[in-house]
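Heads up: the structure comes next, in C-alpha cells.
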Amino acid sequence: MSLLENLNPEQLAAVTLPDQSALILAGAGSGKTRVLTTRIAWLIQTGNVSPSGILAVTFTNKAAKEMLTRISAMLPISIRGMWVGTFHGLCNRLLRTHHRDAGLPQLFQILDSQDQHAAVKRVLKALNVDEDRFPARETQYFINAAKEEGKRAKDIEIADEFTRRYAEIYAAYDEQCQREGVVDFAELLLRTHELLSKNEVLREHYRSRFRHILVDEFQDTNRLQYRWLKLLAGPKTVMFAVGDDDQSIYRFRGAHVGNMTEFERDFRVENVIRLEQNYRSHGHILAAANALIGHNRKRLGKNLWTSAGHGEPVRLYEAQTDGYEARWLVEEIQSLRRSGMRLADVAILYRSNAQSRVIEHALFSEGLPYRVYGGLRFFERTEIKHALAYLRLAANPEDEGAFLRVANFPARGIGARTLEQLQEAARTQGTSLYEAAAGLSGKPGTALAGFLRIVDSIRAETQGLPLPETVEIMLAKSGLVAHYKSEKDGADRVENLGELVNAAAAFVSEEDEHDLQAFLAHAALESGETQAAEGADALQLMTVHSAKGLEFAAVFITGLEEGLFPHEQSVLEDDGLEEERRLMYVAITRARLRLYLSHAQTRLLHGQTRYNVASRFIDEIPEGVVKRLSSAPRYERLDELAWREPARTGAGSKPYHGFRIGQSVQHPKFGQGVVVNAEGSGADARLQINFGRQGMKWLALEYAKLTSA
DNA sequence: AATCCGTCTATTTTT
DNA sequence: TAGACGGATT
C-alpha cells in the first residue's frame, strides 16, 4: 500500500495501530505530522472509519491547515465531514451549532485578548475597583487561569480579601459578557465543556460520532483542554495523542505536561511509541541536543538518532559586546551566502525580542535583507480593530466593547462625558448602550443620532450583499478611510483597510462562507500573519518560541548568557530552569546542517551595561562536538559601532588593584565570573562579581583568592 | 481633542 | 535606553 511506503518501523507501528488509545512520543524532526496525517488517511482508506468519524485537534490554524492539505493529498475522496481544527475553532463550531443549549445568542462575538482586556477594564470601572490593587492585566490573567481550571466565579476558593474581590470581579465580568453576547477564548473552551457535561444527549451524539480523536502537540494542552478531550471521548473512542515532553515550552500560558502521564493512565495506554529517528539534523547537532536535554530530570525519556553522518561541528563564538556579536553574525552570514546558502534558510534566534534590535541594526547597515517574526498581526492593528468594531456593531448592537471603541472614532463630538451619561442611562434602564443611545438621541441633529444612523445604515445597506462589498460599504460609511486619508501618517492604515476587503474576499473563496458572523469569528480566531511575506530571499529573525516547529539549514542561537538564556526570571520559578533547557533543546533541533552558538561578554540591557557569564547550556554540550571560533576579531572601522560603545570604554578601562571592570576572573569556589563593579580602597577594596548561576557576589580583595581568567 | 510630559517598567505567545 | 501609559495641559 503506497500510503505506508518509506515509513520506519516505529512510524509504521504508530500509523497502523489497532483500535486502542496510544501516546506517540515524537521527537523533534521525527516525522510527527507525517505520522498523524498518514494515520488518518490509513484509517479512512482501510474502511476503519468514515471521515465524519474523525476529530483532529491542533493548536494553531497553520498546523490545522497543513494537516488538511496533507490528508487530501493522500486520499482520492472528499474529506468533508472530518473535523480538523484548533481547540478554539472546534469549540466555536460547536457553540454556533448549539448556541441555544449553550445559552448564547446566535450571533455571539469572540473577544481576542485585547478586547478582553478592554472588557475587564470596563468591569473594574463599573465596580469602582482600585486599579492599583487590581490591575486589569492581572485580573484578566486571574479570570483566564480560573477558566482554564474549569472554575466559575462561584467555584473560586476564597482564601483572603484578594481572592474574594477577584471572585466578585470575575462574576461581574461573566455577567457583562453574557449580557453583551460576547465570549472570550477561555470561555469558548469552558462553555463547550459545560454544554457537553450537562447535556447528555449532545454528549452521546458526539461521543458516538467521533470514533477517533487525534491530538497534535499534546504536551501543550492545558488542564481544561485535556478535560474537554476526556469528555468528548466515549468508551469506544480511540485516542491518538502525539507530543514531545522535551518540547514543552508553554507552561507560562497554562500548558500542563503532566497531561501526558495522566493520559497514559486515564486511557490505559498499553504501549508508548517513541519516534526517535531524526530526519532533520546532522549527528553533531543531535548529539548536542541529546546531551543538553539529558540534564533535565523530569522527562519521559527519549534519545534522538540519525542515519546521517556527524556533519559539521557546532560552532561557538564569544564576542566582547553585543555589538560585536552582531558584526560577527553579519560576517558569518556573508560567508554562508558566498558558499551558496539561501538567506531564507538561515535563522537567527534569540531568547527575547529586545535582542533583535542590535542584530537588525547590523544587518541593516550591511544591506542584508531580513524578516522579523513577532509583533503586531493583521487583525490586531488598531485601524482593523476599528473597522471590525463597526461590523460587529452592525451584527450585534449589544456589543458594548465595539460601541465604545468607535462611538467617537473618527471623532464626531461624542466626548467622554456623553459616553458616561450613556453608560449611566443604560445601567439604570437595564438596556444596552445602543438602546440607551437610541432613547437619548431624540433630537436628530445630535452627534449620537449621527453615529446611530451610521451603524443602522451599514446594517441596512449591506443586507444580503457579498462579504467584500459589505466591508467596502462599512469603510465608506464609517468614515474610517476618509479619516486616515486626511491624517499625515495614515497611508499605511488606509492600505491596511483596503487589505481588509481582500481578506474578506480571500475568506469567501477559501472557506466558501459568506456570513459576516463567520468572518468576524475568523478575524478573532486567526489573527493573521505577523508580517506580509516579502517573497524575497531574507534572513529569518525570531524568538526561540516562535521557531518551534520550523527548520533551517543554518541556525544561529545568540545571546547565550546567564540571565538572558536561561532567563533570570526563570530561575526563580520551579521547573523554570528545566523549561529554559527545553527551550534551548528546541532551538538546537531547528538546525539541519549548521549550528552556531554565540554569547557576548558585555551587553547593553535596559540602558545599562551588563557583564554576563556564558550560559550554562554551553557547558552542557559535549566538547567533542564543539568548535570554538577564534575570539573577537578586531575591527578597524570602529565608527560603525560607535553608537554602541561609549558606555563601556569609560569605566571599564581603569585598572583597579590589578583588576578592571568587565574582566573575567576565576574564583576557587564560585568558578568563573566577571567583574561588574568595584568600591573601597586599600584593605576595604571590594569587587562585585557576576558568577552567573552562583549569583552576584561582593568579595573583599584582601581575602578572596581571585585570579584573572 | 490632540499633544505633551513625567513615571514606570522591562520574558516567552496562541487562540 | 525606549516604549507605553495616564494625567494634565493647551
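Throughout, protein chains are lettered first and strands after them, A, B, ... in sequence-line order, and every chain is numbered starting at 1.
- A/Phe59 comes within contact range of the sugar-phosphate backbone alone, with a heavy-atom separation under 4.0 Å but no base atom that close.
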### Query
When you look at A/His545 and A/Tyr250, which way does the ring-ring contact (aromatic ring centres under 6.0 Å, His included) test go after all the steps?
CA-CA 9 Å; A/His545 280 94; A/Tyr250 284 114; 5.4 Å; yes

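- We find that CZ of A/Arg93 is positioned 18 Å from P of B/dT15, with the value rounded to whole Å.
- Residue A/Ile414 is the one, among A/Ile414 and A/Leu525, whose nearest nucleotide of DNA chain B lies closer to the 5' end (criterion: closest heavy atom).
- For A/His567, there are no ring-ring contact (aromatic ring centres under 6.0 Å, His included) partners at least two apart in sequence or on another chain.
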Pairwise N/O distances under 3.5 Å, protein to nucleotides 11-13 of chain B:
residue, atom, partner, partner atom, Å
B/dT11, O4', A/His567, NE2, 3.3
B/dT11, O4, A/Glu573, OE2, 2.5
B/dT12, OP1, A/Asn353, N, 2.8
B/dT12, OP1, A/Asn353, ND2, 3.3
B/dT12, O4', A/Arg351, NH2, 3.0
B/dT12, O2, A/Arg351, NH2, 2.6
B/dT13, OP1, A/Thr543, OG1, 2.6
B/dT13, OP2, A/Asn353, ND2, 3.4
B/dT13, O4', A/Arg253, NH1, 3.4

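- Partners of A/Tyr390 by ring-ring contact (aromatic ring centres under 6.0 Å, His included), not counting sequence neighbours: none found.
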#### Entry: A/His295 vs A/Phe617, ring-ring contact (aromatic ring centres under 6.0 Å, His included): CA-CA, chis, key distance, verdict
CA-CA 10 Å; A/His295 285 82; A/Phe617 297 152; 9.0 Å; no

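- Evaluation of the ring-ring contact (aromatic ring centres under 6.0 Å, His included) rule for A/Phe519 yields A/Phe507 as partners, not counting sequence neighbours.
- The nearest whole Å value for the distance from the CG atom in A/Asp115 to the P atom in B/dT15 is 15 Å.
- Scanning for ring-ring contact (aromatic ring centres under 6.0 Å, His included) contacts around A/Phe451 gives A/Phe403, with sequence neighbours left out.
- Among the atoms of the strands shown, only primed sugar atoms or phosphate atoms (P, OP1, OP2) are found under 4.0 Å from some heavy atom of A/Asn61.
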All N/O contacts under 3.5 Å from nucleotides 4-9 of chain C to the protein, with atom names and distances to one decimal?
residue, atom, partner, partner atom, Å
C/dG6, OP1, A/Lys121, NZ, 2.8

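- When the C1' atom is compared between C/dC5 and B/dT12, the two are found 23 Å apart, to the nearest whole Å.
- Taking the six-membered ring where tryptophan is involved, the planes of A/Trp83 and A/Tyr206 are tilted, since the angle between them lies from 30° to 60°.
- In this structure, a donor-acceptor pair under 3.5 Å is present between the side chains of A/Gln219 and A/Glu217.
- Atom P of nucleotide B/dA10 and atom CD of A/Gln608 are separated by 15 Å, given to the nearest angstrom.
- Distance CD (A/Glu148) to P (B/dT15): 14 Å, rounded to an integer number of Å.
- Rounded to whole angstrom, the span from the CD atom of A/Gln114 across to the P atom of B/dT14 amounts to 14 Å.
- There is a side-chain donor-acceptor pair under 3.5 Å between A/Gln116 and A/Gln140.
- In terms of position along DNA chain B, the nucleotide closest to A/His483 lies nearer the 5' end than the nucleotide closest to the other residue of the pair A/Ala524 and A/His483.
- Between A/Leu90 atom CG and B/dT15 atom C1' there is a gap of 12 Å when expressed in whole angstrom units.
- In this structure, CG of A/Asn144 is placed 16 Å from P of B/dT14, rounded to the nearest angstrom.
- Rounded to whole Å, atom P of C/dT1 lies 20 Å from atom CD of A/Glu360.
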